[in-house]
Structure formats: C-alpha cells, structure tokens
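Start at 1 and go down the list; that is how both ligands and their atoms are numbered.
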Amino acid sequence: MKSFYITTAIDYVNGSPHLGHAYEKVLTDVIARYRRMMGDKVHFLTGVDEHGQKVQASARKEGIAPQAYTDRVSQLFRDLLPKLNISNDDFIRTTEERHKKVVRQVLQQLFDKGEIYKAEYQGFYSTRQEQFLQEKDRLPDGSWPEIFGEVTEITESNYFFKLRGYQEWLVEFLTQNPNFIFPAYRQKQVLEFLKEPLNDLCISRPRERLEWGIPLPFDEQYVTYVWFDALINYYSAVADLPGVWPATWHVIGKDILVPPHAVYWPIMLKAAGLALPQGIIAHGWWLTAGAKMSKSTGNALNPLDLVSEFGTDAFRYFLIREMNVGQDSDFTREQFLVRYNSELANNLGNLVNRTLNMTTRFAAGVVPAAEVTEEPEAQLHALWTKTRDEFIPLCEGFQFHTALERAMQFITATNAYIETRAPWKLGKSAEPKDQALLRTVLATIAEALRLGVALIQHVVPTTTEKINGVLGYTPGPVWRDELNWGGRLTGAKVAGALVLFPRPAPPEKTPAKA
Ligand code: MSP
C-alpha cells in the first residue's frame, strides 16, 4: 500500500520556534492523524532548514561555528514536537549526510542532462531574502521594498537551472490538475504569476560569500542556493523507503508558495524525472494586531507558554478551531480564553462531569442500557447521524474548523438533552416509568459522549484517550465502525470524576507605571 506521505515546511533555525511554526505542525498532525483514523498508512515528515546566509550570520554574531549554532537551535524545534503531541515519523535536518548526498545526486543528474549552466550575473541582490532582484521588484518610486532589507549591486558567475524551458509544461500541468493547490484560489494566483516569463533560477552562491551550504558536486567553489537544498528534503528523507514517494501533501505557509513550492519544486521534480506530489496545502498566517507574527518583528508568541498554561490539547484545539485553513487569523488571548471556557470547559468538560457524576449517583457507576426512544432521544440520534455524515466530507476538504464546530454542537445538544430530561428529577421518583427513563438518559449521554469524542480525537488525542478511559471504553481498530450509535457502553464501569480543563488562573496584572 502506497503511504499517505505528508510534510511540513522545514523551519529556518535562526531563532526559536513561534506560534506560526507550531500551527503548521499541529495542522499537519491533525491531517496525519485523521488519515490514520481513515486507515491509511501515513508517513509524516518535519524538520529544519539549516543552511544559508541567515544561519551563517546568526552563528557569526555569536562567534561560534554554524554547525554548533544549528545543533543548538534545531534542538529547540525538535523538542517542541512532543510538547505539541506531534505524531511525526521522521525529523530531517538539512545538515545530515542522507540529505546532502541526495541533493548532490540531484544536482549532478541535472547538470549531466544539461539542465544547469554557468553564466555571469550582474544585478541587485537582497541578502535578507538571499535572492537576486529584478527591475519589476522595485516600488513605483524606484526604491526596494522593505522585505528585501539591504540591496547591493553585484557581478558574479553562477550556476542557473533552466526554469524557463518548463514554463509551458507547468501551466499545462496546473490546468490539468486544478486541485493541485489548496485552497483553489491560490492555484489561480500561481497561474497569474506564470503569465510573466520565468527567469532561469540561480542555484549557486560562490563559497567566498556563502560558506555554509552544500558544495556543488560539479564545482566545489560554489554551494547550493538555499531553496534548491531545502526543497529536496521532502525527497531525500524518503529516497530509500519503498512505497513512500511521491508526497501526498506538502503543508506550507502562503508566503512560500509562489514561487518556491508552486513553481521551482514541480519543475525540479519534472526535470529530475521524479513523480510530482498530489498537492500543496497553503495555510494562512497567525497575526498579532493585523501583522504577521514573526521573529524579526518581535511580535511572536512562544507556543510553549500557552501549552504550559492551558495544556497541549487546549492549544491544539484553539489553533484548529479558530483558523480556516488558507486564511489568516488574529491571535488574541481573549479569544483563546473564550474558546477554552465556553467550548472546552463549560461544554465538553461539563458533559464529561455530568455523565460521570450521574452514572455514579444513579446507577452505581455502571452504564445502563437504553429502554425508551421518545422525541428527545430520537432528535439526538438524528442530530448524530447528520453530524457524522457531514463530518468526513468536511475533513476531506480540510474544513477542520467547521468539523470541530459541528462536533461541539453535538456536545451542546447533548447537554441540552440533559436539561430537557432533568435526570435529577427522575432520580427522585420511584415510578418504574421514570426509572426506565433515567436509565435511558444515562445510556444516551454516555453513548453521545463516546461518539462526540470520536470526532475530535485527531485534534485532542490525549483528552479523547482520557475520556474513553473514564468511560471504561477501548475503541476498536476501525475508526469508522466506531461512529454508529449502538449502546456500546452498556455495562461499562465509569470513573467517579475527571478534571479536564481546569479554570485558568486570571491573567497577571501588569503593574501600573509610576
Ligand atoms: N525554511 C523555509 C521553508 C523551506 S521548506 C522546503 C522557511 N522557513 S520559516 O521558518 O521561515 O517558515 C517555516 C514555516 O512556518 C513556513 O511554512 C511559514 O509559512 C510558516 N510560518 C512562519 N510564520 C508564520 C505565521 N505567522 N503564521 C503561520 N505560519 C507561518 O520559510
């Protein structure tokens, strides 16, 4: 069986990971876990991008060797993964031998095929973006946009990859594969970009200017340009694993879609005779007060602070519930607290508590069997069927935020069902009819809870495990078979209590300035 192979971008290691990096890992993990639930054999890769000007410069600033620098910072990215409960199968560093070897092989192969040539280049260069600029990159007033940082004019010989020769092929490919890029409106932007003629891609940097890179196999006086090096990680990590390549999805941020992932990468693969991925998912940005969160602007949030305050699952839940994949979202603590309190603590947490408390109080902790189906039960069953049937298509379309919303609406409806049936009143009655109804209510809410959490397990895996644990339930191996209403908990012994989402401490007051 061909693997469902999914990757994240590999992060630059010139600073510590922030919320934007964490989001990409969590989103990719949610897709990976969902595919495993659907029965796929998943291979999930993430990693770090360790070469290039930025790392070289950061290491110099500290007066240490780039390898020592990147060893330390890469570890921060690696350590983040278990804290976010990321289920990756592999972690690649571009300084690893397995990667360097494949990059050199691909370069040599393209050189031998005549896809790479040497030429003199004269023009403007942005050190910050590690990119040569063109006249069309200037602002109307002739200056260079801020994002390029310092721009200098240089003349040097370099190696170029023949991108232009593949332009028509790429346009044709994207036209034939309208779902190559998600969301679809981004694919239109790529086609728009391809209306202008492509320039061949400069893929080398002279070693005297950039020491920290992979030497070209056919000219050791040069190292590879970062994108050529970085993109190949997706292939180098699995080159020796049968049944994994090509990738199913590359998950990246919208800032690195055009041109690196949507133009360079498909052309590199085509030229190297390698199969193309099924597609690319380009997510949006987390913003603070409308601006992209990034280490250079100093507005980045440390994901570990939120995880230590609220727990991994609440953090994962918020990211996935809040962000519509592809669009941007503003991160605010207030909004985090609203979702934490109203959806996790007061809705899901409350249903768990009521289920455990009432089963303990009215049925000695053993889930009874349902005996009656009247209007309120029938309504909840019907809502379940609708929720379940809509859930899979939503996940298939990466609408995880809506899928979660629906799952939570079902939990809300279950809480409302409890209010309608008022089991605390039934518990006071000795009438056999009321007792049968009480048993039905307990059975219904336990089953609804079991089903509801089955829909959120890819987002909040630890919470799901804990809830199944206190319900005395071990899910079967086939997730889809778990989704039928069936009184599976009848006879299960439940635990007395479970604290899932404790009330967070009120935010610290900043002392008033004197
Ligand atoms: N090293 C390159 C990627 C090479 S992939 C072959 C790079 N690194 S990065 O560290 O700058 O960004 C890594 C990923 O984090 C990118 O997909 C980027 O879009 C994402 N994010 C960085 N800041 C972000 C936000 N504020 N919000 C969401 N994701 C963003 O680019």
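With a 4.0 Å heavy-atom cut-off, ligand 1 is reached by the backbone of Asp11 and by its side chain too. At a heavy-atom distance under 4.0 Å, only side-chain atoms of Tyr234, from C-beta outward, approach ligand 1.
The shortest contact between atom 17 (O) of ligand 1 and any protein heavy atom is with Glu24 OE1, 2.5 Å. The single protein non-hydrogen atom nearest to atom 19 (O) of ligand 1 is Asp255 OD1, 2.6 Å, given as residue, atom name and distance. Among protein heavy atoms, atom 29 (N) of ligand 1 sits closest to His283 CE1, 3.2 Å. Atom 27 (N) of ligand 1 has its closest protein heavy atom at Trp286 N, 2.9 Å. Protein heavy atom closest to atom 15 (O) of ligand 1, with residue, atom name and distance, is His21 CD2, 3.5 Å. Nearest non-hydrogen protein atom to atom 7 (C) of ligand 1 is Tyr12 CE1, 3.4 Å.
With a 6.0 Å radius and a threshold of 12 heavy atoms from other residues, nucleotides or ligands, Gln134 has its CD atom above the threshold.
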Step by step, would you call Asp255 with Lys292 a salt bridge (charged side-chain N to carboxylate O under 4.0 Å, His left out)? CA-CA 10 Å; Asp255 49 320; Lys292 183 190 178 207; 3.4 Å; yes

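The heavy atom nearest to atom 21 (N) of ligand 1, out of those in Gly284, Ala9, Gly15, Gly20, is found in Gly20. Checking Ile10, Val226, Thr94, Thr8 against atom 3 (C) of ligand 1, the nearest heavy atom belongs to Ile10. One option in Lys295, Met293, Glu50 has a heavy atom closer to atom 26 (N) of ligand 1 than any other, and that option is Met293.
Both cation-pi conditions hold for Arg209 and Tyr125: the charged atom is under 6.0 angstrom from the six-membered ring centre and inside a 45 degree cone around its axis. By the 6.0 Å and 45° rule, Arg205 does not stack over the aromatic ring of Tyr159.
Remark: the Thr46 side chain and the Asn88 side chain contain no N/O donor-acceptor pair separated by less than 3.5 Å. Between Asp79 and Gln75, the side chains place a donor N or O and an acceptor N or O closer than 3.5 Å (distance only, hydrogens not considered).
Contact check for Tyr166 versus Met268: no side-chain heavy atoms found under the 4.5 Å cut-off. Between Tyr23 and Leu19 there is no side-chain heavy-atom pair separated by less than 4.5 Å.
If you number the atoms of ligand 1 from 1 as listed, the ones under 4.0 Å from a heavy atom of His18 come out as 22 (C), 23 (N), 24 (C). Residue-ligand proximity, Asp49 to ligand 1, at heavy-atom distances under 4.0 Å covers atoms 1 (N), 2 (C), 4 (C). Close approach to Ala230 involves these atoms of ligand 1, each under 4.0 Å from a residue heavy atom: 6 (C). Atom numbering of ligand 1 starts at 1 in the shown order; those under 4.0 Å from a heavy atom of Gly253 are 17 (O), 19 (O). When each atom of ligand 1 is checked for a heavy atom of Ile252 under 4.0 Å away, the hits are 17 (O).
One finds a salt bridge joining Arg33 and Asp29 here, because a Lys/Arg side-chain nitrogen approaches an Asp/Glu carboxylate oxygen to under 4.0 Å.
Rounded to the nearest 0.5 angstrom, Ile267 CD1 and Leu201 CG are separated by 9.5 Å.
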